[in-house]
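No hydrogens, no waters, no symmetry mates; every other heavy atom, side chains included, goes into these values. On a predicted model such as this, the values are computed, not experimentally measured, just so you know.
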Amino acid sequence: MLKTETQEQKDERYMRLALKEAEAAFEEGEIPIGAVIVSHDRVVARAHNQSETLHDVTAHAEMLAITAAADALGGKYLPDCTLYVTVEPCVMCAGALGWAQLGRIVYGAEEEKRGYRKYAPDALHPKAAVTSGVLQDECKALMIEFFKNKR
Ligand SMILES: [Zn+2]
């Protein structure tokens, strides 16, 4: 019999998948941010930042994941979904998460400069639950590594 997984363990397990996506972004020369969306313990979308590849400043991991999840589930609202993203969403993504009515957002590293909390702390859906700091060291390390190579 499977041991019951705590919410914390579950969050770490899904964040690892998001980290895998972030690593894929890194390999592609993209800012290494990855996201997955989970619905009733099923991964319905996984995506990573593709701004360079798609020549599109809106191609953030969260935006691509929202579109993919809505497509997979056949509905534009995602109240029963949890988004896992390696870095705190920006204002644009937080707005999109609000429009999509994402039920829960879990992020890893904080983003002091461009994170939504500084500019638009109320952008998410009012009912959305937020958990931060899941595997934050690993999420952050990937970003630091990326920008170190850029210099
Ligand atoms: Zn964003």
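Using a 4.5 Å cut-off on side-chain heavy atoms (C-beta onward), Ile33 and His60 make no contact. In this structure the side chain of Tyr116 reaches within 4.5 angstrom of the side chain of Leu124, judged on heavy atoms.
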Legend entry - Worked verdict on Ile105 versus Leu97 for side-chain contact (heavy atoms from CB on, under 4.5 Å): CA-CA 9 Å; Ile105 289 92; Leu97 292 166; 4.0 Å; yes
Inset, instruction - Test side-chain contact (heavy atoms from CB on, under 4.5 Å) on Glu12 and Met15 and set out the steps. - result: CA-CA 5 Å; Glu12 288 194 5; Met15 188 60 84; 5.5 Å; no
Legend entry - Derivation of the salt bridge (charged side-chain N to carboxylate O under 4.0 Å, His left out) call for Arg114 and Glu88: CA-CA 9 Å; Arg114 306 297 294 267; Glu88 179 186 341; over 6 Å; no
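Linking Ile, Leu, Val, Met, Phe, Trp and Tyr residues whenever their side-chain heavy atoms come within less than 4.5 Å places Val85 and Ile31 in a single cluster. The same ILVMFWY cluster, assembled from side-chain heavy atoms under 4.5 Å apart, contains both Ile66 and Val44. Both Leu142 and Phe147 belong to a common hydrophobic cluster when Ile, Leu, Val, Met, Phe, Trp and Tyr are linked at side-chain heavy-atom distances under 4.5 angstrom.
In this structure, a donor-acceptor pair under 3.5 Å is present between the side chains of Glu28 and His48. Between Glu30 and Thr53, the side chains place a donor N or O and an acceptor N or O closer than 3.5 Å (distance only, hydrogens not considered).
Taking CG from Leu83 and CG from Leu78, the interatomic distance works out to 9.5 Å, rounded to the nearest 0.5 Å. The CZ atom of Arg104 lies 4.0 Å from the OG1 atom of Thr131; values are rounded to the nearest 0.5 Å. Atoms CZ and SG, from Arg42 and Cys81 in turn, are 9.5 Å apart once rounded to the nearest 0.5 Å. Taken to the nearest 0.5 Å, the CG atom of Leu64 stands 8.0 Å off from the OG atom of Ser51. Going from atom CD of Glu138 over to atom NZ of Lys140 covers 13.5 Å, rounded to the nearest 0.5 Å. For the atom pair CG of Leu73 and CD1 of Ile37, the computed distance is 8.5 Å after rounding to the nearest 0.5 Å.
Under the 30°/60° scheme for interplanar angles, the aromatic rings of Tyr14 and Tyr84 are found to be tilted.
Exactly one of Val134, Val130, Val87 qualifies for a side chain to side chain contact (heavy atoms under 4.5 Å, CB included) with Tyr107. That residue is Val130.
The residues Lys118 and Glu112 are annotated as not salt-bridged, no charged nitrogen and carboxylate oxygen being separated by less than 4.0 angstrom.
More than 12 heavy-atom neighbours from other residues, nucleotides or ligands sit within 6.0 angstrom of CD on Gln7.
With hydrogens and angles ignored, the 3.5 Å screen pairs no side-chain donor or acceptor of Thr86 with any backbone N or O of Ala18.
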